[in-house]
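Take a look at the structure set out below.
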Amino acid sequence: MQLKEKYLKISTCSSMSNTQANDGIPPDVLSEVKKYLQPFQLSTKTLQEVSARLRKDLIEGLEKHSHHKAPVKMLPTFVRATPDGTEKGDFLVLDLGGTNLRVLHVRLEEAQKVLEMGSWKRIIPEKIMLGTGKQLFNFIAICLRHFLKSQNLKDQTLPLGFTFSFPCKQLEIDKGTLIHWTKGFKCSGVEGEDVVQLLKKAIDRTKDCHIGSVAMVNDIVGTMMSCGYIDQSCEIGMIIGTGTNACYMEEMKNVKCIEGEDGRMCINTEWGGFGDDVSLDDILTEFDVEVDENSINPGVHIFEKMISGMYLGEIVRLVLVKMTKDGLLFKGQISEALGTPGQFETKFISEIEKPDSGLENATKILTELGLDWDPVDASVVRLVCDTISSRSAHLCAAALATLVNRIRNNRKLDHLKTTVGVDGAVYTKHPTFSSKLQEAMRLLAPQCDITFLVLEDSSGKGAAITAAVVSARLRKDLIRGLEKHSHHKAPVKMLPTFVRATPDGTEKGDFLALDLGGTNFRVLHVRVEEETQKVLNMGSQICTIPQEMMLGTGEQLFDHIATCLGDFLESQNLKGQTLPLGFTFSFPCEQLEIDKSILIRWTKGFNCSGVEGKDVVQLLKEAIHRRGDYHIGSVAMVNDTVGTMMSCGYSDQSCEIGMIIGTGTNACYMEEMKNVKRIEGEDGRMCINTEWGGFGDDRSLDDILTEFDMEVDKTSINPGVHIFEKMISGMYLGEIVRLVLVKMTKDKLLFKGHISEALGTPGQFETKFISEIEEPDSGLENATKILTELGLEWDPVDASVVRLVCDTISSRSAHLCAAALATLVNRIRNNRKLDHLKTTVGVDGTVYRKHPTFSSKLQKAVRPLAPQCDITFLVSEDSSGKGAAITTAVAQRLAP
Ligand code: BG6
Ligand code: BG6
Ligand code: GLC
Ligand code: GLC
């Protein structure tokens with residue numbers, strides 16, 4: 001029964017994706033087409049069977065007496081521990097993957113800081129892949145030499161990490177014999193030889209390059225290790241790229257071909273070789289057989305040939321050719337391109353399966369391939385692509401399930417929670433591959449709870465890693481902030497807001513709004529119209545708050561606010577009315593009710609005495625009372641992030657996150673009540689104001705702080721408070737740039753070594769200059785104007801350097817925000833146990849809105865960090881005043 005249910009489930013899931021893929025195919029054509037595709041559709045039962053066969057093969061590969069002839073090689077790697085984050089030093093990395101040779105200079109600093117100091121990438125010419133071993137290693141040595149020269153590293157002797165992505169029998173960390181070539185390589189004279197030795201000899205031949213000790217790893221081990229550097233529960237690495245492979249931590253006592261019983265060792269499975277002994281013959285299609293026969297290594301890596309990027313396009317091509325020959329497609333005409341091996345690229349599959357633009361892409365691709373297609377043809381091609389990529393995802397899931405189930409059994413656990421580090425173009429670039437794989441995993445390994453950590457270019461260890469580190473740390477801090485017993489001392493406050501619902505569009509009425517805390521203090525009169533679903537601005541006014549007042553007494557501040565509101569009511573003829581008021585107060589408050597809210601502490605530019613620890617709604621009411629000439633109705637107090645979420649949520653009901661990147665930075669999101677441990681009640685959701693600006697206040701970000709960040713913090717009005725915010729938001733970015741420029745000038749790199757008075761003065765390099773200098777067309781010209789105004793004696797090179805500094809600082813800000821946002825969307829997705837989350841983020845703040853490339857940088861960076869989330873960004877200016885009004889309306893709607 002259980003099996004049947006599982007079976008039905010997976011068949012619904014594949015037929016679900018197929019209904020979409022079936023669109024546009026008439027039933028009679030469809031039933032013909034299905035005859036060709038049926039052999040590719042593997043039932044859950046078959047996949048379980050495949051998984052069981054692999055389980056046997058794993059054991060065979062580990063045994064002393066059978067491992068020589070085992071198809072799945074199970075190679076010991078001599079890596080006995082996953083990283084603990086204490087590794088340090090400068091390294092060179094040579095990464096010979098499926099398609100590229102990459103050279104990198106990497107610096108590992110104390111805990112978990114990985115800096116990419118420089119990198120260089122070359123596609124390996126086919127001539128080299130199929131030439132002699134000597135040519136290949138000469139090519140690698142020349143690339144290395146070129147890189148060292150360009151990086152001024154030629155006189156150093158750095159240790160080298162050599163990622164060599166082919167099956168090697170490793171005897172020591174610097175000795176590995178190639179068993180056989182896979183993927184597109186077949187260089188003569190290398191199989192059976194020690195590749196480290198071949199590499200060293202080639203480097204010696206260059207005469208003028210030197211390297212230190214060499215550590216050789218397979219790419220899969222590199223992926224596991226770099227993911228493990230971030231998430232210490234990562235014990236599996238998986239690649240689905242040009243080739244496919246996985247490694248995992250096995251108990252030493254099971255690794256029979258190596259002495260020793262204690263601890264664990266990483267095993268490079270080389271699962272691509274699964275099936276090389278005929279064990280998969282019953283599921284091979286005629287097309288798989290043909291792909292294998294025409295490959296450069298027939299009979300080798302059969303499983304890989306059903307799955308990985310090097311072969312998927314070719315399988316699709318062969319299916320299309322057959323269908324065309326049988327008169328089912330393209331009026332029976334095979335174009336020259338379609339008839340040529342390799343011409344249907346694997347990346348076409350990803351393009352054709354894109355949810356929205358897929359069919360249009362299909363028609364473009366078919367046209368380029370010289371085919372005479374009609375719309376039905378395009379739909380059939382899409383269905384073929386979907387079928388082949390789904391089979392690949394399902395087979396990978398079957399193999400991965402074998403590994404996680406094995407780890408679970410090894411440790412005699414009922415339930416295993418683990419992380420898989422993943423890389424490779426098929427997994428990272430195909431639009432639905434990862435979700436198909438994960439869906440199948442749940443059926444095949446129901447007792448395992450798996451997190452997939454994707455790090456593109458995982459041996460690159462660059463910005464991606466830092467962002468992933470940040471995201472993983474924030475994930476922990478969110479939980480700390482929500483817990484009953486840890487929240488008091490948590491740096492990320494996770495404040496309940498008592499907003500329990502996003503707008504449903506039925507809200508209406510007239511409201512006043514006060515919006516304090518951003519660049520401007522604003523008073524508004526807002527009308528929420530149910531009929532038109534519009535929030536109308538009936539009138540608004542910006543009042544300035546002088547800087548002395550920001551640093552004065554609370555009473556002065558609230559009196560000033562009450563005066564501004566009174567003047568506004570007067571000017572709008574509203575003084576006789578008693579309107580409800582939405583109060584956007586953009587500072588961290590412990591909210592007790594919607595109209596009772598205690599300021600925890602000031603942030604940004606404010607530091608008024610006598611307000612911290614007090615109920616700010618009460619202070620506002622008292623000030624209005626002191627004035628005595630007007631009245632207000634009920635008050636709803638919100639943080640600006642909440643206001644932004646609510647106002648965007650009024651027009652887009654899937655908006656459940658609000659984010660501000662302005663003077664300060666912060667975000668809120670809808671959390672499950674059952675996770676909000678500090679508040680009674682298990683049902684429904686509540687909006688949580690994260691106050692993520694405080695991330696790092698417990699020094700958890702110290703390793704990524706620069707000397708400039710520390711200086712900014714030290715000279716701020718609130719040292720030690722809101723460290724994350726100080727790396728990101730508008731109040732600080734300009735100052736960080738200024739400090740970098742000052743240092744460069746001192747070091748005689750800029751402005752002939754002369755620091756002007758303005759450049760030497762804190763606050764004089766405004767954040768808006770960064771936006772102007774990064775403007776795509778006019779940026780350099782703007783830079784020269786700004787530098788002149790700052791009294792600097794610049795030349796064109798100076799201007800370009802300044803632009804580069806701005807770009808670096810704003811990019812870091814965007815990447816850090818992306819990391820934090822990814823943590824939230826991933827959390828929402830996990831909370832709801834969804835494969836895929838589609839959600840909207842309401843955004844406001846001058847940095848996000850005004851900087852020319854910030855939003856695109858952020859959006860680009862968030863994708864690999866939250867690959868299963870599809871995020872729409874809704875930007876709305878002055879959103880949170882309106883949102884406060886809507887919140888008041890929602891509160892009225894929900895009130896008993
Ligand atoms: C890269 C890794 O990101 O992915 C390589 O740095 C690895 O080591 C490669 O071989 C695998 O993916 P693909 O798609 O390039 O084969
Ligand atoms: C405004 C909102 O648009 O953006 C404010 O109305 C918010 O509530 C502000 O505080 C944030 O951006 P900035 O750049 O003004 O701090
Ligand atoms: C091939 C190689 C293997 C590598 C994988 C992914 O399967 O044999 O060593 O890990 O491709 O690149
Ligand atoms: C600061 C405040 C926070 C606000 C953010 C954006 O981080 O502490 O409450 O949301 O700035 O304005």
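Remember, it's 1-based here, ligands and their atoms both numbered in the order they're listed. FYI, side chains are in, hydrogens and waters are out, and symmetry mates aren't considered; it's all heavy atoms of this structure. Nothing here was measured: the structure is a model prediction, and the numbers come from that model.
- Protein heavy atom in closest approach to atom 13 (P) of ligand 2: Thr519 OG1, 3.4 Å.
- With rounding to the nearest 0.5 Å, the separation of CE in Met306 from SG in Cys396 is 11.0 Å.
- With ligand atoms numbered from 1 in the order given, ligand 1 contributes 7 (C), 8 (O), 10 (O) to contacts under 4.0 Å with heavy atoms of Asp219.
- How far CD1 of Ile236 is from OG1 of Thr223: 13.0 Å, rounded to the nearest 0.5 Å.
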*Might you work through the side-chain contact (heavy atoms from CB on, under 4.5 Å) test for Trp120 and Cys143, ending with a clear yes or no?*
CA-CA 9 Å; Trp120 193 73; Cys143 290; 3.5 Å; yes
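- Each of the atoms 7 (C), 8 (O), 10 (O) of ligand 2 lies under 4.0 Å from some heavy atom of Asp640.
- Not one N or O of Thr163 is nearer than 3.5 Å to an N or O of ligand 1, by distance alone.
- Atoms CG and CG, on Asp709 and Leu701 in that order, are 10.0 Å from each other to the nearest 0.5 Å.
- Judged by the shortest distance from any of its heavy atoms, Lys604 lies outside the 4.0 Å radius around the atoms of ligand 2.
- Taking 4.0 Å as the cut-off between side-chain N and carboxylate O, Lys596 and Asp615 do not count as a salt-bridged pair.
- Close contacts of ligand 4 with Lys604, meaning ligand atoms under 4.0 Å from a residue heavy atom, involve 1 (C), 4 (C), 5 (C), 6 (C), 11 (O), 12 (O).
- Near Asp95, the atoms of ligand 1 lying under 4.0 angstrom from a non-hydrogen atom of the residue are 2 (C), 5 (C), 6 (O), 8 (O).
- Glu270 is listed as a side-chain neighbour of His301, based on a closest heavy-atom distance under 4.5 Å.
- Set against the non-hydrogen atoms of Thr603, the atoms of ligand 4 under 4.0 Å away are 1 (C), 2 (C), 8 (O).
- The proximity of Val426 to ligand 1, defined as any non-hydrogen pair under 4.0 Å, does not occur for either the backbone or the side chain.
- Remark: ligand 4 atoms within the under-4.0 Å shell around heavy atoms of Pro588 are 8 (O), 9 (O).
- At the shortest separation from atom 6 (O) of ligand 2 among protein heavy atoms lies Asp515 OD2, 2.5 Å.
- Counted by atom type alone, Thr690 and Lys493 present zero donor-acceptor pairs between their side chains at under 3.5 Å.
- Among all protein heavy atoms, the one lying closest to atom 8 (O) of ligand 2 is Ser880 OG, 2.3 Å.
- Distance check: Leu581 CG to Leu565 CG gives 6.5 Å after rounding to the nearest 0.5 Å.
- Interface of Gly97 with ligand 1, defined as ligand atoms under 4.0 Å from a residue heavy atom, comprises 10 (O).
- Ring orientation note: the planes of Phe433 and Tyr427 are nearly perpendicular, at an angle over 60° on the 30°/60° scale.
- Distances between N or O atoms of Glu725 and those of ligand 4 include at least one value under 3.5 Å.
- Per-residue contacts place Arg522 under 4.0 angstrom from the following atoms of ligand 2 (heavy atoms of the residue considered): 6 (O).
- Taking only nitrogen or oxygen atoms, main chain and side chain alike, Ala425 reaches within less than 3.5 Å of ligand 1.
- Heavy atoms of Asn639 approach ligand 4 to within less than 4.0 angstrom.
- The ligand atoms of ligand 1 that sit less than 4.0 angstrom from a heavy atom of Gly424 are 12 (O), 14 (O).
- Contacts between Thr665 and ligand 4 below 4.0 angstrom, taking non-hydrogen atoms only, involve the backbone exclusively.
- Of the protein's heavy atoms, Ile660 CG2, 3.7 Å lies nearest to atom 11 (C) of ligand 2.
- Atom 1 (C) of ligand 2 has as its closest protein heavy atom Asp844 OD2, 3.3 Å.
- The aromatic rings of Phe587 and Phe606 sit perpendicular to each other, their planes meeting at more than 60°, with 30° as the lower class boundary.
- The shell of residues lying under 4.0 angstrom from ligand 4, judged by heavy atoms, excludes Gly517.
- The single protein non-hydrogen atom nearest to atom 6 (C) of ligand 4 is Asp640 OD2, 3.3 Å, given as residue, atom name and distance.
- Under a 4.0 Å heavy-atom criterion, Gly693 is not in contact with ligand 4.
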*Step by step, work out the salt bridge (charged side-chain N to carboxylate O under 4.0 Å, His left out) result for Arg601 and Asp697.*
CA-CA 13 Å; Arg601 60 170 172 230; Asp697 288 6; 3.5 Å; yes
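- The CD1 atom of Ile349 sits 6.5 Å away from the NE2 atom of His430 when rounded to the nearest 0.5 Å.
- Between Asn245 and Asn268, the side chains place a donor N or O and an acceptor N or O closer than 3.5 Å (distance only, hydrogens not considered).
- Looking at Glu691, His722, Arg601, Lys493, it is Glu691 that brings a heavy atom closest to atom 3 (C) of ligand 4.
- Gly518 CA, 4.2 Å is the protein heavy atom nearest to atom 9 (C) of ligand 2.
- Residues Cys168 and Leu75 share a closest heavy-atom pair of O-CD1, 3.3 Å.
- The nearest protein atom to atom 14 (O) of ligand 2, hydrogens excluded, is given as Thr846 OG1, 2.4 Å; this is a heavy-atom distance.
- Contact check for Thr644 versus Ile660: side-chain heavy atoms found under the 4.5 Å cut-off.
- To the nearest 0.5 Å, atoms CZ (Phe585) and CG (Leu620) are separated by 10.0 Å.
- In this structure, atom 16 (O) of ligand 2 lies nearest to the protein heavy atom Thr663 OG1, 2.6 Å.
- A donor-acceptor contact closer than 3.5 angstrom links the side chains of Glu353 and Ser389.
- Shown in contact with Asp423 at under 4.0 Å from a heavy atom are these atoms of ligand 1, numbered in order with element: 1 (C), 2 (C), 3 (O), 4 (O).
- Using a 4.0 Å cut-off to heavy atoms of Gly662, the atoms of ligand 2 that qualify are 12 (O), 13 (P), 14 (O), 16 (O).
- Under a 4.0 angstrom heavy-atom cut-off, Met310 registers as lying outside contact with ligand 1.
- In summary, the atoms of ligand 1 found under 4.0 Å from a heavy atom of Thr99, numbered by their order in the structure, are 15 (O).
- Contact detail for Phe185 and Ile296: the closest heavy-atom pair is O-CD1, 3.6 Å.
- Residue contact check: Ile660 has heavy atoms under 4.0 Å from atoms 6 (C), 12 (O) of ligand 4.
- Residue contacts with ligand 2 include Ser586, since one of its heavy atoms falls under 4.0 Å from the ligand.
- Atoms of ligand 4 found under 4.0 Å from any heavy atom of Asn666, numbered from 1 in the order shown, are 3 (C), 4 (C), 5 (C), 9 (O), 10 (O).
- Side-chain N or O atoms of Thr641 include none that pairs as donor or acceptor with a backbone N or O of Ala667 at under 3.5 Å.
- A salt bridge links Arg849 to Asp844: one of the charged nitrogens lies within less than 4.0 Å of a carboxylate oxygen.
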